[in-house]
2 protein chains.
Amino acid sequence: MATGRDVAERAGTSTAVVSYVFNNGPRNVSPATRERVLRAAAELNYRPNALARALSAGKTLSVGLIVPDIANPYFGEVSRALETAATARGRLLLIADSAGSEEQELQQLSSFIERRVDGIVLVSVSDDPQLGFVAEAGIPIVALHPLDLDQPASSLTIDYDHAAEEATQHLVGHGYRTIGLLNGPTDSAGSRQHAAGFTRAILRSPGVQASERRSETSRGDAARVALQWLASGDRPRAIYVATDEQAFGVLYAAAELGLHVPDDVAVVGFDGTAHSRYAVPSLSTVQQPIPELATRAIEVLIAAEDAHVHETLPHRFVARRSCGWHAEVAG
Amino acid sequence: MATGRDVAERAGTSTAVVSYVFNNGPRNVSPATRERVLRAAAELNYRPNALARALSAGKTLSVGLIVPDIANPYFGEVSRALETAATARGRLLLIADSAGSEEQELQQLSSFIERRVDGIVLVSVSDDPQLGFVAEAGIPIVALHPLDLDQPASSLTIDYDHAAEEATQHLVGHGYRTIGLLNGPTDSAGSRQHAAGFTRAILRSPGVQASERRSETSRGDAARVALQWLASGDRPRAIYVATDEQAFGVLYAAAELGLHVPDDVAVVGFDGTAHSRYAVPSLSTVQQPIPELATRAIEVLIAAEDAHVHETLPHRFVARRSCGWHAEVAG
DNA sequence: CTGAAAGCGCTTACAG
DNA sequence: CTGAAAGCGCTTACAG
């Protein structure tokens with residue numbers, strides 16, 4: 001491939017000028033020279049080498065993202081929103097999939113450090129990820145989930161605890177007397193908050209019975225757990241599910257068992273993926289502010305102040321058919 | 001951040017030796033020296049700069065992927081499979097989302113060229129993408145969809161035409177006499193093959209009536225189109241849908257209208273996403289060989305022979321509840 | 001407005 | 001087994 005030197009020679013100028021032209025600075029170039037450079041570059045099909053540029057300029061203008069499963073629509077939507085936000089700020093987003101593996105997550109963090117990304121957006125598979133070595137490298141991190149305050153990273157989340165309480169309260173309001181919680185697989189900060197909010201709503205409601213199960217964050221495993229649960233003697237009348245992805249598995253299990261949602265069992269999900277609206281039946285859910293999370297995450301990384309930021313963004317409960325309403329709420 | 005020079009100084013050796021240690025070659029290093037280098041590196045938290053390495057060594061060991069919508073589960077699964085395949089071959093996968101925009105796709109191709117990726121896996125938004133400039137840059141491309149043979153790129157696909165015929169034939173075999181095709185939005189090579197196979201199966205079946213609609217490749221738009229179609233006087237008894245994503249929209253529309261799948265309307269999808277199995281009801285579909293496509297794509301890019309490759313991989317029709325079977329076929 | 005030159009942090013023949 | 005040095009392709013003070 002042609003280099004800046006090739007272009008400079010053909011245009012009868014120096015590599016410095018070629019750089020000035022392609023970066024619109026930091027020095028001015030006369031229109032005639034600029035014209036010659038651009039012509040030569042076009043003739044040679046010149047593409048500046050981004051690696052050399054980054055090495056020399058000391059910045060890569062790129063942001064890394066690590067998610068546990070890019071095939072999960074929620075993370076897909078998050079990725080898409082981050083790509084939009086990053087592009088709007090002139091950054092390239094690099095997406096990596098840790099495949100639910102802590103080891104792979106660590107490798108990808110390393111890889112991002114080695115590539116000198118300007119910042120990292122992380123959805124960790126771990127409840128308490130080791131981020132010290134990233135901080136030592138001087139690369140800011142923002143997690144899109146609750147994080148211990150002593151971690152060397154920022155976090156942006158919604159208030160899981162209150163959202164869980166609100167959603168559970170909504171089910172109580174429908175008059176359901178037995179309510180289940182299908183939580184995530186591990187004892188993480190997130191799952192504790194789901195449980196805390198759920199429990200608070202239950203305790204406040206005399207006569208309401210609670211039960212809890214766990215499953216992996218996948219349709220398949222949620223379906224497996226729900227098939228047993230819903231076929232058992234202590235089938236709950238309503239279930240609050242910690243992720244949409246698991247809720248889809250519950251809807252599937254109910255249908256397989258010939259149970260009607262919401263008449264036999266009501267379901268509420270969490271995340272507010274675009275798909276939740278088109279579930280059968282459409283899924284009531286807690287809507288995460290995905291575009292806002294993405295925009296703010298990129299902002300935080302670009303600002304990269306010394307202090308870490310821990311912000312809570314507003315969520316929204318969206319009632320649809322699956323919880324018992326027979327008309328979608330406005331919006 | 002510490003550099004190789006810092007490590008060399010602390011270890012009392014040269015940067016060359018540091019490089020030899022971290023790359024396990026190309027020269028041997030005595031155990032004692034290696035030990036000193038590793039210790040110094042650990043103390044300094046040294047991370048080799050991948051940009052400098054790539055610039056110097058002339059290879060980035062990275063592969064770019066561009067998909068039209070990372071939030072679409074099919075592309076999510078493809079991304080995940082490619083990440084696995086790339087990692088297995090020691091390459092880093094960079095994922096970009098063109099957001100359905102031809103212009104953005106071109107920018108991302110440019111960005112990948114500038115980053116000197118070793119190869120690009122492309123799912124284009126365009127029927128006839130302009131790839132000449134990528135080929136001129138010496139970067140091999142493999143498309144995961146049909147491509148004109150005069151394009152300067154390889155392609156890996158299944159036989160859409162026969163798969164469509166087979167799926168339609170399956171619906172005919174159920175005895176359905178009115179069969180619809182819900183195709184993709186544009187007149188692309190893919191949509192032509194869907195239509196060709198569909199039509200062939202219909203023409204071979206006397207007395208079967210066909211109809212066709214189009215929608216965007218999204219649940220939402222497919223639902224919009226299907227709501228009209230299924231509520232109209234000429235509602236087909238069965239529908240062959242060009243993507244799972246659109247088929248989910250059709251399932252939603254049927255449920256909204258109080259129609260039972262498959263008793264009122266049968267549905268067959270296309271792609272074989274993991275989600276298809278857990279749809280309500282579980283979705284009959286044409287299974288793309290996602291892991292095989294991914295593995296082969298990375299192989300083709302790494303081999304990077306002069307000749308372009310155009311391969312057809314085997315697909316598999318999977319009958320589930322949505323087409324009228326009431327038991328899932330083995331597998 | 002333009003050019004010669006140093007430097008970014010590596011890798012790799014080359015010489016010893 | 002090890003080191004000095006050139007080079008990868010850019011950017012950017014510095015000097016003119």
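Proteins come first, then strands; the chains are lettered A, B, ... in the order of their sequence lines, and each starts at number 1.
- Residues satisfying the side-chain contact (heavy atoms from CB on, under 4.5 Å) test with A:Gln130, not counting sequence neighbours, are none.
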Going 5' to 3' through nucleotides 8-16 of chain D and flagging B where a protein heavy-atom sits under 4.0 Å of the base, S where only the sugar-phosphate is that close, and - otherwise, we get BBBBBB---

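- To the nearest whole angstrom, the two C1' atoms, one in C:dG16 and one in C:dT12, are 16 Å apart.
- Pair assignment for D:dA4: none, as no Watson-Crick or G-U wobble contacts are both less than 3.5 Å.
- Of the options B:Thr273, B:Thr217, B:Asn72, a side-chain contact (heavy atoms from CB on, under 4.5 Å) to B:Thr243 is made by B:Thr217 and by none of the others.
- In summary, the side chains of B:Arg47 and A:Ser110 do present a donor paired with an acceptor at a separation below 3.5 Å, with no hydrogens or angles considered.
- No side-chain N or O of B:Glu102 forms a donor-acceptor pair with one of B:Gln107 less than 3.5 Å apart.
- Protein atom CZ of A:Arg34 is 14 Å distant from nucleotide atom C1' of C:dT2, rounded to whole Å.
- Checked by atom type, the side-chain pair B:Glu105/B:Ser124 shows a donor-acceptor distance below 3.5 Å.
- A 3.5 Å limit on both hydrogen-bonding distances identifies no Watson-Crick or G-U partner for C:dA13.
- Partner B:Leu144 forms a side-chain contact (heavy atoms from CB on, under 4.5 Å) with one of B:Ile290, B:Thr157, B:Val78 and no other, that one being B:Val78.
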